[in-house]
Amino acid sequence: MGVVVIILAAGYGVAAGLLLPRAVYRFGAPPGEPWRSSCPQGHPLGGGPRGWLGPARCSGRRYGPRATRTAVLGALVCAALAAAAGARPETAVFVALAPVPLLLALVDLAVHRLPDVLTLPLAAAVAGLLGVAAALPGAAGSWRLALLGGGALGAGYLVLFVINPAGLGFGDVKLALPLGVALGWYGWGVWAAGAFLGFLYGALYGLALVLRGRARGQDPFPFGPFMAAGALTGMLLGGLGA
């Protein structure tokens with residue numbers, strides 16, 4: 001049963017990953033600009049299956065990240081979550097929503113932006129679906145702790161934003177809400193590990209940039225991908241522990 005769940009999750013990750021390049025391009029507009037509705041050659045995006053499926057190419061030119069890379073990344077993330085959590089109700093929630101943080105991380109890497117249209121619905125979806133999972137037999141987490149974890153991590157990031165708005169974006173505060181809910185599901189130990197690892201990953205990346213001469217200590221860099229990576233690591237640890 002566990003192997004079947006992992007294979008199904010990996011297949012879902014591949015399918016979702018193939019859709020990400022165009023979505024990354026669409027939401028990868030610089031701050032202050034509207035979401036992109038056309039490719040670089042002016043042809044409209046969306047408008048049916050042909051608008052979103054297949055490689056992100058227009059007139060022979062690629063836009064957005066490579067579909068093969070996003071498909072592999074989606075498969076690895078979804079399969080890892082399924083392998084760690086096993087055949088439990090929350091596994092379906094985590095796997096189903098995993099492409100959204102992945103999309104957010106890619107957009108943040110591209111334009112240092114975490115769109116509200118993705119972060120806020122993700123928070124509502126994680127909280128609501130985990131509430132359903134908690135009512136099903138075999139669930140290994142706590143919905144109450146999940147909600148408390150989302151509020152606590154969001155509040156913590158809000159304090160950091162107020163103290164140093166130049167070092168942390170308000171989009172990071174909003175992303176902390178769904179990540180905190182997911183981490184809190186497995187308890188405060190997992191919550192603390194995932195939150196800490198996000199800062200650790202970001203600090204190591206910033207240090208590497210400084211040592212390589214590609215940035216100064218005060219230069220900003222996208223923090224969303226490291227928040228997501230820390231949360232993923234914490235959730236994997238939580239799933240294995242459960």
Side-chain angles (χ1 to χ4, degrees), residues 1-2 4-6 8-13 15-17 20 73-105 114-158 171-198 224-242:
M1 181 65 177
V4 174
V5 171
I6 295 172
L8 290 175
Y12 169 77
L20 287 181
L73 188 57
L76 291 175
V77 170
C78 291
L81 287 169
R88 300 191 182 104
E90 64 267 21
T91 303
V93 177
F94 293 147
V95 171
L97 298 179
V100 183
L102 182 55
L103 171 59
L104 283 163
L114 291 167
D116 291 350
V117 71
L118 296 176
T119 54
L120 299 180
L122 176 62
V126 174
L129 292 177
L130 283 181
V132 175
L136 298 176
S142 168
W143 190 46
R144 181 181 66 86
L145 290 180
L147 297 181
L148 290 174
L153 194 61
Y157 269 82
L158 179 60
D172 298 322
V173 178
K174 298 169 186 175
L175 178 58
L177 293 172
L179 297 184
V181 171
L183 289 169
W185 173 261
Y186 286 122
W188 291 115
V190 170
W191 180 90
F196 169 75
L197 288 172
F226 305 104
M227 294 173 62
L232 174 61
T233 307
M235 291 167 62
L236 294 179
L237 295 173
L240 291 172

Shortest non-hydrogen contact between [X] and [Y], atoms and distance:
X    : Y    : answer
V100 : L118 : CG1-O, 4.2 Å
W188 : L145 : NE1-CD2, 3.6 Å
C78  : A9   : CB-O, 3.2 Å
A80  : L236 : O-CD2, 3.3 Å
A146 : L130 : CB-CD1, 4.4 Å
A98  : L81  : CB-CD1, 3.9 Å

Legend entry - Rounded distance (nearest 0.5 Å) linking atom CG of L232 with atom CG of L237: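 Nearest 0.5 Å value for the CG-CG distance: 9.5 Å.
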Legend entry - Nearest-0.5 Å distance, CG of residue L102 to CG of residue L97: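 Result: 12.5 Å between the selected atoms.
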Inset, instruction - Output every pair passing salt bridge (charged side-chain N to carboxylate O under 4.0 Å, His left out) with a member in residues 116-140, not counting sequence neighbours, ordered by first then second residue. - result: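 Pairs touching residues 116-140 that pass the test: D116-K174.
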Inset, instruction - Begin with the C-alpha distance, continue with both residues' side-chain angles, and end with the deciding distance and a verdict on side-chain contact (heavy atoms from CB on, under 4.5 Å) for T119 and L104. - result: CA-CA 8 Å; T119 54; L104 283 163; 3.8 Å; yes
Test side chain to side chain contact (heavy atoms under 4.5 Å, CB included) applied to [X] - qualifying residues, sequence neighbours left out:
X    : result
P178 : L122, A123, V126, L175
P225 : A105, D108, L109, P222
A140 : R88, E90, A242
L197 : L200, Y201, T233

Inset, instruction - Identify, with sequence neighbours excluded, every residue that meets ring pair (Phe, Tyr, Trp, His ring centres under 6.0 Å) alongside F226. - result: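 So F226 forms a ring pair (Phe, Tyr, Trp, His ring centres under 6.0 Å) with Y205, F221.
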Would you list the atom pairs, donor with acceptor, under 3.5 Å between side chains in residues 147-154 and any protein atom, with sequence neighbours excluded?
none

Inset, instruction - Could you tell me whether the side chain of W143 and the main chain of A127 form a donor-acceptor pair under 3.5 Å? - result: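 Flag set: sc W143 to bb A127 pair under 3.5 Å.
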Legend entry - Pairs touching residues 176-186 that satisfy side chain to side chain donor-acceptor pair (under 3.5 Å), sequence neighbours left out: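 Of all non-adjacent pairs touching residues 176-186, none passes side chain to side chain donor-acceptor pair (under 3.5 Å).
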Side-chain donor/acceptor pairs under 3.5 Å, residues 131-138, sequence neighbours excluded:
none

